[in-house]
Amino acid sequence: MANIKSAKKRIKVTKTKTERNKVQKSKIKMFVKKIDALVKAGNKAEANKILAEANKAIDMAASKGVYHKNNAARKVSRLTKAVNKIS
């Protein structure tokens, strides 16, 4: 355990940020699973609705540093491509 006050604070701040990042990542995973299920079901209207929410969540996570910008762009691209394949 840290003895210095600033080190103790860093431990607390890191724990808080880690929890916040976990929440954002799990939220994005939930959106991906929903979109995959809707793509398999062939429900394009609902998939487009969820895609907009997912893109917003991914972009926000990238802006906060949870994901690298290229990783976020790749996720958005893959989801969009999957939804656009629905006929």
Side-chain angles (χ1 to χ4, degrees):
M1 184 65 189
N3 292 324
I4 299 169
K5 187 176 180 180
S6 62
K8 290 178 183 176
K9 181 179 179 183
R10 291 309 319 161
I11 291 169
K12 284 169 49 174
V13 169
T14 302
K15 183 178 177 185
T16 304
K17 288 185 177 182
T18 302
E19 290 298 318
R20 191 173 302 141
N21 292 346
K22 279 183 184 179
V23 168
Q24 286 186 328
K25 283 186 177 186
S26 67
K27 184 178 178 183
I28 290 169
K29 286 179 189 176
M30 177 205 56
F31 280 130
V32 170
K33 288 178 186 177
K34 279 186 179 180
I35 290 173
D36 287 341
L38 290 169
V39 166
K40 286 181 182 175
N43 190 346
K44 188 164 186 165
E46 188 68 23
N48 278 325
K49 182 179 169 188
I50 300 295
L51 179 65
E53 295 176 30
N55 287 347
K56 182 178 178 183
I58 292 169
D59 289 340
M60 283 177 41
S63 71
K64 301 294 182 190
V66 177
Y67 288 120
H68 188 274
K69 65 177 184 168
N70 292 351
N71 187 354
R74 186 176 66 244
K75 286 181 183 299
V76 169
S77 177
R78 286 179 179 170
L79 291 175
T80 305
K81 189 175 178 182
V83 170
N84 288 339
K85 279 188 177 180
I86 303 173
S87 54

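If you read the sequence from its start, that first residue is 1, and numbering goes on from there.
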N/O donor to acceptor pairs below 3.5 angstrom from side-chain atoms of residues 61-75, sequence neighbours left out:
| unit_1 | atom_1 | unit_2 | atom_2 | d |
| --- | --- | --- | --- | --- |
| Ser63 | OG | Met60 | O | 2.8 |
| His68 | ND1 | Asn70 | N | 3.1 |
| Asn71 | OD1 | Arg74 | NH2 | 3.1 |

Name every donor-acceptor pair, under 3.5 Å, that has one atom in a side chain of residues 3-20 and the other anywhere in the protein, sequence neighbours excluded.
| unit_1 | atom_1 | unit_2 | atom_2 | d |
| --- | --- | --- | --- | --- |
| Thr14 | OG1 | Arg10 | O | 2.7 |
| Thr16 | OG1 | Lys12 | O | 3.0 |
| Thr18 | OG1 | Thr14 | O | 2.7 |

Please tabulate, for side-chain N and O atoms in residues 31-53, each donor-acceptor pair with protein atoms closer than 3.5 Å (sequence neighbours left out).
| unit_1 | atom_1 | unit_2 | atom_2 | d |
| --- | --- | --- | --- | --- |
| Asn43 | OD1 | Glu46 | N | 3.3 |
| Lys44 | NZ | Ile86 | O | 3.4 |
| Asn48 | ND2 | Lys44 | O | 3.4 |

Listed partners of Val23 passing side-chain contact (heavy atoms from CB on, under 4.5 Å), at least two apart: none
